[in-house]
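Everything below concerns the one structure shown next.
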Amino acid sequence: MLTCKRYSADNKIVWNSFLKTAKNQTFLFDRNYMDYHSDRFEDHSLMVYNKKGNLICCFPSNEKNSDTIVSHGGLTYGSFIFKNDLKLLVILDVIKHILIYYAEQGYKKIIYKAFPRIYNVLPSDEIEYAIFIAKAHLIRRDTAIVVSQNERINYAGNIRREAKKSKLQGCSIEESEKLKSFWDELLTPNLNNRFGVNPVHSTDEIVLLKSRFPESIRLYVVKSINDEILAGTVFFITDTVAHCQYIASSDEGRNTGALNYLFIHLIDEVFNNKPFFDFGIVNEKDGMYVNKGMLGWKERMGGRTVSHDFYEIDTSKWKNIEQLLNND
């Protein structure tokens with residue numbers, strides 16, 4: 001018999017400790033990360049226990065409205081987070097119980113942000129099979145551009161030429177702790193002027209998160225010979241992926257090829273021990289639009305497409321999973 005319990009702040013230590021035993025998790029599911037914007041979301045995460053009282057699954061989620069749960073509205077991706085030794089039939093049963101729980105609470109559907117496979121430490125497609133049995137509908141697909149370090153594609157010729165130009169002008173690359181300066185002086189003005197948007201994280205938020213996860217959130221910059229920051233990028237780093245969260249460049253940085261210089265260095269030297277180097281998505285409008293300029297640059301850097309999928313799951317379809325489990 002499985003038991004689903006709603007997460008509360010009293011369970012924070014247990015939740016975070018469980019992540020260390022899970023096969024499909026990253027630091028984004030740590031409550032010290034998730035809760036930085038807890039005032040914006042009505043958390044309705046679940047913790048699932050087996051008959052021995054052992055925690056075997058965590059499901060980060062929040063209430064979107066009176067009939068919809070999202071996994072999770074404040075995160076890039078979601079997951080049914082499972083203990084690393086669980087097998088298919090147990091995982092099916094866990095997801096069945098999660099659907100039953102939400103159905104009994106009056107929620108008709110779950111918007112599930114699938115956990116991208118490149119972040120898996122172990123295979124986790126039991127989840128995809130479970131939601132297939134539950135007749136989940138694909139409602140959105142974003143395309144992230146990713147470099148596979150094991151199967152490298154050569155940089156386009158102009159990428160290396162522009163990088164060399166930056167190096168010849170005396171530019172240097174370094175890891176920096178000056179997130180506030182990067183945010184206020186380069187990233188935010190850059191996004192405002194070019195795209196009319198602000199960073200997802202405010203200055204205070206990213207500084208807070210960096211203080212909580214100093215090894216997982218890192219800033220790299222290119223400086224001119226006069227010590228001026230020409231370009232920079234912030235990475236969110238997991239066991240298998242170096243994910244580029246933010247990129248910014250000044251006009252001089254673009255003219256001198258500073259970003260190409262920076263990213264060749266990061267891919268070839270800094271993060272060459274990670275299986276995947278993720279440039280992030282190139283989509284807008286719920287996946288229906290591709291920023292072709294952004295796509296072209298990322299592909300010239302050797303990146304190719306990995307999908308980020310979003311599903312709608314009808315909570316009443318737990319019966320489909322139960323039927324499967326009861327078949328001999």
Side-chain angles (χ1 to χ4, degrees), residues 2-19 22 24-49 55-82 94-116 119 124 127 130-131 134 136-142 198-202 204-206 208-209 212-213 216 236 238 243 245 281 286-287 308-318:
L2 302 178
T3 304
C4 296
K5 296 181 180 180
R6 184 172 180 174
Y7 172 82
S8 69
D10 294 340
N11 304 126
K12 178 178 178 178
I13 294 175
V14 175
W15 176 290
N16 286 345
S17 296
F18 173 75
L19 295 183
N24 50 338
Q25 62 83 29
T26 70
F27 75 94
L28 270 67
F29 300 133
D30 189 298
R31 299 309 304 203
N32 290 311
Y33 186 96
M34 287 183 63
D35 294 343
Y36 87 88
H37 50 18
S38 59
D39 58 315
R40 295 181 226 164
F41 299 94
E42 184 62 35
D43 193 276
H44 203 138
S45 302
L46 292 186
M47 303 171 74
V48 184
Y49 295 82
L55 180 61
I56 59 173
C57 176
C58 289
F59 183 59
S61 65
N62 66 277
E63 300 170 2
K64 182 178 181 181
N65 52 46
S66 60
D67 71 352
T68 305
I69 292 291
V70 180
S71 71
H72 176 291
L75 302 177
T76 306
Y77 43 78
S79 186
F80 296 89
I81 307 171
F82 287 108
V94 170
I95 293 177
K96 182 195 80 172
H97 277 78
I98 289 174
L99 296 181
I100 290 173
Y101 169 89
Y102 286 124
E104 289 179 344
Q105 295 292 314
Y107 298 101
K108 296 180 180 179
K109 58 186 177 182
I110 298 171
I111 304 302
Y112 172 60
K113 299 179 179 182
F115 191 69
Y119 289 92
S124 296
I127 298 169
I131 65 175
H137 297 287
L138 179 68
I139 58 172
R140 172 176 167 183
R141 173 166 283 161
D142 290 336
N198 288 315
V200 173
H201 301 91
S202 69
D204 290 342
E205 287 170 346
I206 196 66
L208 172 65
L209 291 172
R212 292 179 177 178
F213 302 96
S216 299
F236 282 14
T238 67
H243 168 69
Q245 185 73 15
I281 67 170
D286 291 337
H308 283 217
D309 293 346
F310 296 65
Y311 292 90
E312 182 178 299
I313 309 171
D314 182 340
T315 57
S316 70
K317 298 298 184 181
W318 62 265

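The model shown is predicted, which means the values in this text are computed figures rather than measured ones.
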- request: Take D142 and F310 through the side-chain contact (heavy atoms from CB on, under 4.5 Å) test and state the conclusion after the steps.
  value: CA-CA 9 Å; D142 290 336; F310 296 65; 3.7 Å; yes
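- For A136, the side chain to side chain contact (heavy atoms under 4.5 Å, CB included) partners at least two apart in sequence or on another chain are I131, Y311, I313.
- Side-chain contact check for I110 versus L99: some heavy-atom pair is nearer than 4.5 Å.
- Between atom NZ of residue K64 and atom CD1 of residue I69 there is a gap of 11.5 Å, rounded to the nearest 0.5 Å.
- Residues S124 and N24 share a closest heavy-atom pair of OG-CB, 3.6 Å.
- Put simply, the side chain of W15 reaches to within 4.5 Å of the side chain of M34, judged on heavy atoms.
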task: Step by step, work out the side-chain hydrogen bond (donor to acceptor under 3.5 Å, both in side chains) result for S202 and D204.
output: CA-CA 5 Å; S202 69; D204 290 342; 5.4 Å; no
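- Taking every heavy atom of both residues into account, E205 and V200 meet most closely at OE1-O, 3.9 Å.
- For the pair R31 and D43, the salt-bridge criterion is met [side-chain N within less than 4.0 Å of a carboxylate O].
- Expressed to the nearest 0.5 Å, how far OH of Y36 lies from CZ of R212 amounts to 10.5 Å.
- Counting all heavy atoms, side chain and backbone alike, S45 lies closest to P60 at OG-CA, 3.4 Å.
- With sequence neighbours left out, T26 forms a side-chain hydrogen bond (donor to acceptor under 3.5 Å, both in side chains) with Y77.
- Shown here are the side chain to side chain contact (heavy atoms under 4.5 Å, CB included) partners of N62, two or more places apart in sequence or in another chain: F41, V70, H72.
- In this structure, CD on E312 lies 11.5 Å from NZ on K108, to the nearest 0.5 angstrom.
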task: Would you sort out whether F213 and F236 count as a ring pair (Phe, Tyr, Trp, His ring centres under 6.0 Å), showing the intermediate values?
output: CA-CA 9 Å; F213 302 96; F236 282 14; 9.1 Å; no
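- Y119 and S79 share no side-chain donor-acceptor pair at under 3.5 Å.
- Evaluated for a side chain to side chain donor-acceptor pair (under 3.5 Å) with Y101, the options H44, R6, K96 yield exactly one hit, H44.
- Residue Y102 comes nearest to S61 through the heavy atom pair OH-OG, 2.8 Å, listed as atom of the first residue, atom of the second, then distance.
- No donor-acceptor distance shorter than 3.5 angstrom exists from the side chain of H97 to the backbone of V48, with no hydrogens or angles considered.
- Relative orientation of the F82 and F80 rings is parallel, given thresholds of 30° and 60° on the angle between their planes.
- Here the closest non-hydrogen pair linking D67 and N65 is OD1-OD1, 2.6 Å.
- The minimum heavy-atom distance linking N32 with L209 is given by the pair O-CD2, 4.2 Å.
- Separation of atoms CD1 (I81) and CG (L46) is listed at 11.5 Å; rounding is to 0.5 Å.
- The distance from the OG1 atom of T68 to the CD atom of E63 is 10.5 Å, given to the nearest 0.5 Å.
- Here CG of L2 is found 12.5 Å from OH of Y49. Values are rounded to the nearest 0.5 Å.
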